[in-house]
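Predicted model, so just to flag it, every value in this text is computed and none were measured. Per chain, numbering begins at 1; letters A, B, ... match sequence-line order.
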Amino acid sequence: MSSEVSNPVVQPVFTGDSTHHQDSEGEIHENGHHEHHKEYFFTKYVFSQDHKTIGKQFLITGIFWAFVGGLLSVIFRFQLGFPNQAFPFLETLFGKWAPGGIISPEFYYMLVTMHGTILVFFVLTAGLSGTFANLLIPLQCGARDMASPFLNMLSYWFFFAASCVMLTSFFLPEGAADVGWTFYPPLSGVKESAPGAGLGADFWLIGMALFIFSSLLGGLNYITTVLNLRTKGMSMNRLPLTVWALLITAILGLISFPVLLGAAILLLFDRNLGTSFYLDKIFINGHPLDHAGGNAILYQHLFWFLGHPEVYIIILPAFGLVSEVLANHARKPIFGYRAMILSMLAIAILAFIVWAHHMFVTGLNPFVASVFVLLTLLIAVPSAVKVFNWIATIWQGNLRFTPAMLFCVGFVSLFISGGLTGIFLGNSALDIPLHDTYFVIAHFHIVMGVSAFFGMLAGVYQWFPKMFGRFMNNTLGYIHFWITFVGAYMIFWPMHYMGLTGVPRRYYSFDAFQSFNMFGDLNKFITIAAMLVFFAQLLFILNFFYSMFKGRKVTDPNPWKSNSLEWTTKINPGHGNWDGPLPTVYRWPYDYSKNGDEFIPQTVPYKPGEEKLHH
Amino acid sequence: MSTTLLVTIAFVLFVLVVFQLARTTEYISLLRGEERAQEDADKMNGLLFLLFLIIGGGAMVWSLFHYKQYMVLQAATVHGQWLDSMFMVTLLFTGIVFVITQIMLFYFAWKYKHTKGRKALYYPENNKLEMWWTVIPAIVLTTLVIIGIYRWFQITGPEPKDSMVVEITGQQFLWNYRYPGNDDKLGNYEFKYITAVNKVGLDFNDPAAKDDYMATEMHVVVNKPVLLRIRSKDVIHDVGIPYFRVKMDAVPGLVTRFWFIPTVTTEEMRKKTGNPDFNYEIACDQLCGKGHYGMKGIVVVETQAEFDAWKAKQPSFYESSVKGTDEEKHFAELTEQLKAEKEKEASKGHHE
Ligand code: HEM
Ligand SMILES: [Cu+2]
Ligand SMILES: [Cu+2]
């Protein structure tokens, strides 16, 4: 059998029954393993097909983008916090974009647009799912690698190509795209409508298309792997919630990203080939355009058909990571395992039928809008269930506050704060005053931006030992957490007040309006908090790279006394993950503090007479 | 240049100092044993969570009262007041959930921090409990949906019969206002008629357009319903009037609408706010290019008498700016062009 498989990592042939097909796996692998050809630097670290390495590549690229995206926000916060104040160093750094040391409006909008794009797609989608789906799916399912390691490698390299295109766009003469991360036409569809609607926008669209390919290749693999390559005994209801979350995320992506690809391609056509999918009756710069018969709102439907599932593509992996880490460090089973899965499924389904809540004031038919109100507020129910279940999980626990655990507690707090404001926005009538104000900025940064970051950071601290065989520095981890947690609230909480005053988002300056110009001090405060938080992230990055090479070595293969399978491998597992046969699973991963045992790994059979729950 | 360098160096040094300090602390605490170190950390972080709850909660309450002064708590329109009370109801429900859950979270974090010898409770599920916390949110949300949709249909429903109509057209980066003349009817427009003068493309072949007048500010009458017909010439803009709780996109190729009843005149609001320069402002709420942040309009709310006096002074746009000028010739040319185009289209249709 092994001779049919050209890949060094031997994959079982699918037999149609996920629990039995890997019986002979160990044996196959023995053959495969010794036939390994020598690994060259390039195949080991660059064009690697090992899911763990690919995961690290996604992570490190994600950290790079998080740094860039974060930096962009610090720069545009300068303008908001210290409007019209000259900072000569800005001119030194950015030249014509900051004449006299003051950021120009064009530059401001470019920064805002790219900040959103980078953080939503490149960090919290690719960086988050790419890292943890790659690292954890095979390890926690008990598989040697992904179903198709080659496609998996391609997924990373498409992401890399997308990254190159986006990065290049910063250096174009007219600069990068500046029409908002949501890229609404006609602003994005007509080259002369904005400086960054020229070549920068084409680069953006091409970059996104490559990005979508990456996401689809990855997603296909994640789904196939979870469905087909689970080890013996790993039934679906014994899967860790991380894997469940990543599976559902991948399905969401697979269904919704193609729609964005379509929207982007049509937009490219409108821009470059004279079609009129989104354009109609436009008179700009003193002359009429020939485009006729399109509909600008069509784009918004297509965009948000991806866009709303996208926010769950971002947050679901965080749900999974947090559930896993929270249970592990509370030394308690996750409360309501089945409810956790059901609520994720409910969220996933509802996520596809709420998109128009981003469009309540576009002139949408009021009846249609009212249906979306109902569905949108419905999605708050499974979200609430998750929150209650997390709180119940720490109740009567014995909480070990590792940095990962701190980020989990922080996550729950933020998710509550941001989720509740969704209830205001989801009610179309209330959305009228709040739409496109800082209230929305506060809502989605807290519930998605910062929360997902917290889930991701919890994951990095938790699985760093698995990735690199070393620990990160805890003290730095604590400093990192507290500055970030307090700072995030300092930045985003006051934005609610601005939003309730009606202050619009995407304003370069508030000078022109008496209705909005009274928040000077608050804006300064927010900018300083943002700089502080950015500084804390630098500590994290330093900690990350320093610990990668110099961190304290892991000596116990299961340092967190965890139940899931990844901790049954060697400290530094090779390609193929387990040296011997694949582990067999007998129970769910959350038997913590059961019958006096602090933890019972999934590979431990039930004792005679042991109570079985339903797993 | 040199300050840039200096600031950068100082910053990098600061990061490195913190980094070194943390490394040393970590080293010392590990000398005392991994277990001891983790125990100290558990205690400290548990306490910090409790402090966060208390201090953070305090800061939140303080800031809420501090910034309340800026929030428009009383909208100056009828529907705005409905929305304000709806906001308060939503705030009440979500506020209760917020306070309870955040207190539980941080209190538990502190209370159940690791203590040696204590065992966590094996408590994997409780179906009854989970049912309750599914059903109760569902009921609360249904209530909110019912209130919301009821108001939504009122707000988006047909405007009252006696509404005055104002057309507002966005362009990069200003607003144009058009009023019907004495016929109370807005004349036709056609985007191909738009020129530098005829900014919104009035069709002067339509008699109803001939008495329409253009204004530089929007004037409306207190307690009289206003219907906005909203258009855009180029990209998407958005008519946002914070004091009115009005917001609606202006989309090229479409006409959107929003109606409201202003309840407080500009003059009254000046007294109320103690600001003699107070004005109701229109802000563009949809990113429309580099001048988006300056795309401001003014709404003047006045009595019927004041409005009538103002209106009497507004000349018809056709009479004042087009009639007898080059613009009129230009308009005639455009009309011919358009006619020719239409004929061509029609004949194309015939051949097929
Ligand atoms: C409790 C359930 C939630 C409800 C009812 C809700 C509702 C809404 C609504 C109605 C909007 C549009 C507001 C506007 O533009 O006027 C919105 C914006 C947004 N929400 Fe939520 N939301 C919820 C949870 C979430 C979650 C969990 C995430 C992400 C993880 C999220 C991410 C976003 C983002 C990114 C935007 C703004 C996008 C933009 O305009 O740039 N929301 N939310
Ligand atoms: Cu949404
Ligand atoms: Cu605008």
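Heavy atoms from other residues, nucleotides or ligands lying under 6.0 Å from OH of Y150(B) number 12 at most.
Smallest separation of non-hydrogen atoms from T362(A) and T256(B): O-CG2, 3.8 Å. Between V409(A) and A109(B) the shortest heavy-atom distance is CG1-CB, 4.4 Å. Considering all non-hydrogen atoms of both residues, L542(A) and L16(B) come closest at CD2-CD2, 4.2 Å.
Between S193(A) and Q172(B), the side chains place no donor N or O within less than 3.5 Å of an acceptor N or O (distance only, hydrogens not considered). Judged purely by distance below 3.5 Å, without hydrogens or angles, the side chains of S515(A) and Y243(B) never pair a donor atom with an acceptor atom. Counted by atom type alone, N45(B) and W482(A) present one or more donor-acceptor pairs between their side chains at under 3.5 Å. If you check the side chains of D511(A) and Y293(B), you find no donor sitting under 3.5 Å from an acceptor. Side-chain contact annotation: T402(A) with Q38(B), donor-acceptor N/O pair under 3.5 Å absent.
Contact of I241(B) with chain A is not made at all, since no heavy-atom distance falls under 4.5 Å. Interface remark: F52(B) contributes side-chain atoms only to the contact with chain A (heavy atom separation under 4.5 Å). Residue contact with chain B, scored on non-hydrogen atoms closer than 4.5 Å, is absent for A197(A). For a residue to count as touching a neighbouring chain, one of its non-hydrogen atoms must lie under 4.5 Å from one of that chain's; by this rule R505(A) touches chain B with the backbone only. Residue V190(A): no heavy atom, backbone or side chain, is found under 4.5 Å from chain B. Interface remark: S417(A) contributes backbone and side-chain atoms alike to the contact with chain B (heavy atom separation under 4.5 Å). Of the atoms belonging to V385(A), heavy atoms from both backbone and side chain fall under 4.5 Å from chain B. Contacts of F367(A) with chain B are made by both backbone and side-chain atoms, with heavy-atom separations under 4.5 Å.
Here the two rings, on Y70(B) and Y497(A), have centers that are 6.0 Å apart or farther.
The existence of a salt bridge linking E130(B) and R338(A) is excluded, since no basic side-chain nitrogen approaches an acidic carboxylate oxygen closer than 4.0 Å.
Using a 4.5 Å heavy-atom threshold, the side chains of M86(B) and N427(A) count as touching.
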